Amino acid sequence: MPELPEVETIRRGVEPYVVDRRISRVLVREARMRWPVPPDFAEQLRGRLIVGTSRRGKYLLLHLDNGDRVLIHLGMSGRLLVLDQGHPLIKHDHVDIELGDGKMLRFHDPRRFGAVLLWRHADASHPLLAGMGPEPFSDEFDGDYLHRMSRGRSAAIKSFVMDGRIVVGAGNIYAAESLFRAGIRPTRAAGDVSLPRYRVLASMIRDVLNEAIMQGGTTLRDFAGADGAAGYFQQDLYVYGRDTQPCRSCATPIRRLVIGQRSSFFCPRCQR
DNA sequence: AGATTCGCCTGAGAGC
DNA sequence: TGCTCTCAGGCGAATC
C-alpha cells in the first residue's frame, strides 16, 4: 500500500520521463474512483507541457505550464507506470497520459481507492490539501510540535501519528515502525507521552521514512515503482506484519491488535 | 472539538 | 475446481 515513501519513490521514478514533455493525448477508461475523474480531464490536459512534479503527503502532483496541476492519489492499490504507448492493457488500467515522445503514464488501480483529478489554477489551495499537517521533513515538524498538538488528547498515539491533520505520510506501516524504534507502545494515550519521547519519535518517523525512500519503498502486495520494480524496505521491518514472530531486538513474540480499525503490531517488551 | 465508525472497492487467501 | 467468506486499508464523511 503506497504511503509517503512509495509515493516519493514513484515521483522520483516518473519525473525524468515527464518534465518538459508535452501531453499529446489522455485516455480515461474508467472514471469511477475515490472521486470521479472530471469529464473534461482529457480535453483540459491535451497539449499541455508538464513543467515539474511534486508531492504533498501521499498526493503526487504534475505541474502544467498553464498553472493547473494534476493530482494523483494511489489509494491503496494504485500504480503509476511509465510505459511505451501501445503497451498491452491489463484489467484496471484506468487512465493513460500519453506524451509526445511515445511514452505514457499509466494509472492502474484495482480497488479504485485512488484518484486522478485536475486542480485548475493551482494558486489557491485545493480542498483536499487544505488542512493537511506538515510534511515530516519540514522544519515545522519536530518533537515539540507533536507534544504541543497532543496535549489533552486521549486517542492512541498510533492513531494520533497517523492523523493526516497532525502530520502527513505516517501510514500504518511506518507509524508502527516509528513507534517501535521510539520504544513507545502504540496504545498509549497521545496526551500522556512526554516531550523527550516525542522528540525521539519525531526523529524516528523521519529516519524510517528516509530509509524506506532509499530502499525504494515497501512492497507487501501491490506496490511497484514507476518502472514496475518492487521496493525493499519490507526486509527492514521490525514489527509490521510480524505477529507472533520474535522481536528482532529481544526475541519476545510480536503482538498484533486493532487500534482505530487498523491492525497494529508492537513488541510488548521493547515498547512501553 | 475530538473520537469513533462507516463506506468505498477488488484480490488474495482460507475454509469447505 | 469452484464457491463463499474474511480481511486488507487511505481517508473523507458522517455520527457519536
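To find a chain, count down the sequence lines: A is the first, B the second, and so on, and within it residues start at 1. Since the model is a prediction, treat every value here as computed from it, not as a measurement.
A straight line from CZ of A:F265 to C1' of C:dA8 spans 10 Å, rounded to a whole angstrom. Protein atom CD1 of A:I166 is 8 Å distant from nucleotide atom P of B:dG2, rounded to whole Å. When rounded to the nearest whole Å, the span between CG of A:D109 and P of C:dG9 equals 16 Å.
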May I have the list of side-chain donor-acceptor pairs in residues 159-170 of chain A shorter than 3.5 Å, sequence neighbours left out?
unit_1, atom_1, unit_2, atom_2, d
A:D163, OD1, A:R165, N, 2.9
A:D163, OD1, A:R165, NE, 3.1
A:D163, OD2, A:R165, NH2, 3.0

Return all side-chain donor-acceptor pairs below 3.5 angstrom for residues 244-263 of chain A, not counting sequence neighbours, or 'none' if the list is empty.
unit_1, atom_1, unit_2, atom_2, d
A:R248, NE, A:L237, O, 2.8
A:R248, NH2, A:L237, O, 3.0
A:R262, NH1, A:G260, O, 3.1

Show me, pair by pair, the donor-acceptor contacts under 3.5 angstrom made by side chains of residues 117-130 of chain A, not counting sequence neighbours?
unit_1, atom_1, unit_2, atom_2, d
A:W119, NE1, A:A124, O, 3.4
A:R120, NE, A:D68, OD2, 3.0
A:H126, ND1, A:L128, N, 2.9

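Residues A:E15 and A:T53 have side chains that bring a donor and an acceptor to within less than 3.5 angstrom of each other. In this model, no donor atom of one side chain and acceptor atom of the other lie less than 3.5 Å apart for A:H94 and A:D109.
Note that the two end axes of the helix from B:dG2-C:dC16 to B:dC16-C:dG2 enclose an angle of 50°, each drawn from 5 base pairs, rounded to 10 degrees.
Within residues 115-122 of chain A, no residue has any heavy atom under 4.0 Å from DNA chain B. Contacts between residues 146-156 of chain A and DNA chain B, defined by a heavy-atom separation under 4.0 Å, are made by A:R153, A:S154, A:A155.
A:F160 comes within 4.0 angstrom of no nucleic acid atom, judged by non-hydrogen atoms across all strands. A:R262 comes within 4.0 angstrom of a nucleotide base, judged by non-hydrogen atoms across all strands.
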Evaluate side-chain contact (heavy atoms from CB on, under 4.5 Å) for A:V28 paired with A:D96, printing each intermediate quantity in order. CA-CA 7 Å; A:V28 179; A:D96 288 347; over 6 Å; no
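Considering only side-chain atoms of A:R256, the nucleotide from C:dG10, C:dG9, C:dA8 that sits closest is C:dA8. When distances run from any side-chain atom of A:H73 to the nucleotides C:dG9, B:dT5, C:dC11, the shortest one goes to C:dC11. When each of B:dG11, C:dG9, B:dC6 is scored by its nearest atom to the side-chain atoms of A:P110, the top-ranked nucleotide is B:dG11.
Taking 4.0 angstrom as the limit, A:Y59 places a side-chain polar atom (N or O) nearer than this to OP1 or OP2 of C:dG12. At the phosphate of C:dG9, OP1 or OP2 sits under 4.0 Å from a side-chain N or O atom of A:S263. Listed pair A:H92 / B:dG11 meets the phosphate criterion, a side-chain N or O lying under 4.0 Å from OP1 or OP2. A:K91 has a side-chain polar atom (N or O) that falls below the 4.0 Å cut-off from OP1 or OP2 of B:dG11. Here A:Y240 does not reach the OP1 or OP2 of C:dA8: none of its side-chain N or O atoms lies under 4.0 Å away.
In this structure, A:F113 does not count as stacked on the base of C:dC11 under the 5.5 Å centre distance and 30° plane angle limits.
Remark: A:F180 pairs with A:Y238 by the ring pair (Phe, Tyr, Trp, His ring centres under 6.0 Å) rule, at least two apart or across chains. Looking at residues two or more places apart in sequence or on another chain, you find no ring pair (Phe, Tyr, Trp, His ring centres under 6.0 Å) involving A:F113. In this structure, the ring pair (Phe, Tyr, Trp, His ring centres under 6.0 Å) partners of A:Y59, at least two apart in sequence or on a different chain, are A:H73. Considering only residues two or more places apart in sequence or on other chains, A:D84 meets the salt bridge (Lys or Arg N to Asp or Glu O under 4.0 Å) condition with A:K103. Among residues two or more places apart in sequence or in another chain, the ring pair (Phe, Tyr, Trp, His ring centres under 6.0 Å) test is passed with A:F265 by A:Y240.
Counting atom types as modelled, A:R34 pairs no side-chain N or O with a base atom of B:dC9 as donor and acceptor under 3.5 Å.
Listed by first and then second residue, the ring-ring contact (aromatic ring centres under 6.0 Å, His included) pairs involving residues 8-33 of chain A amount to none (not counting sequence neighbours).
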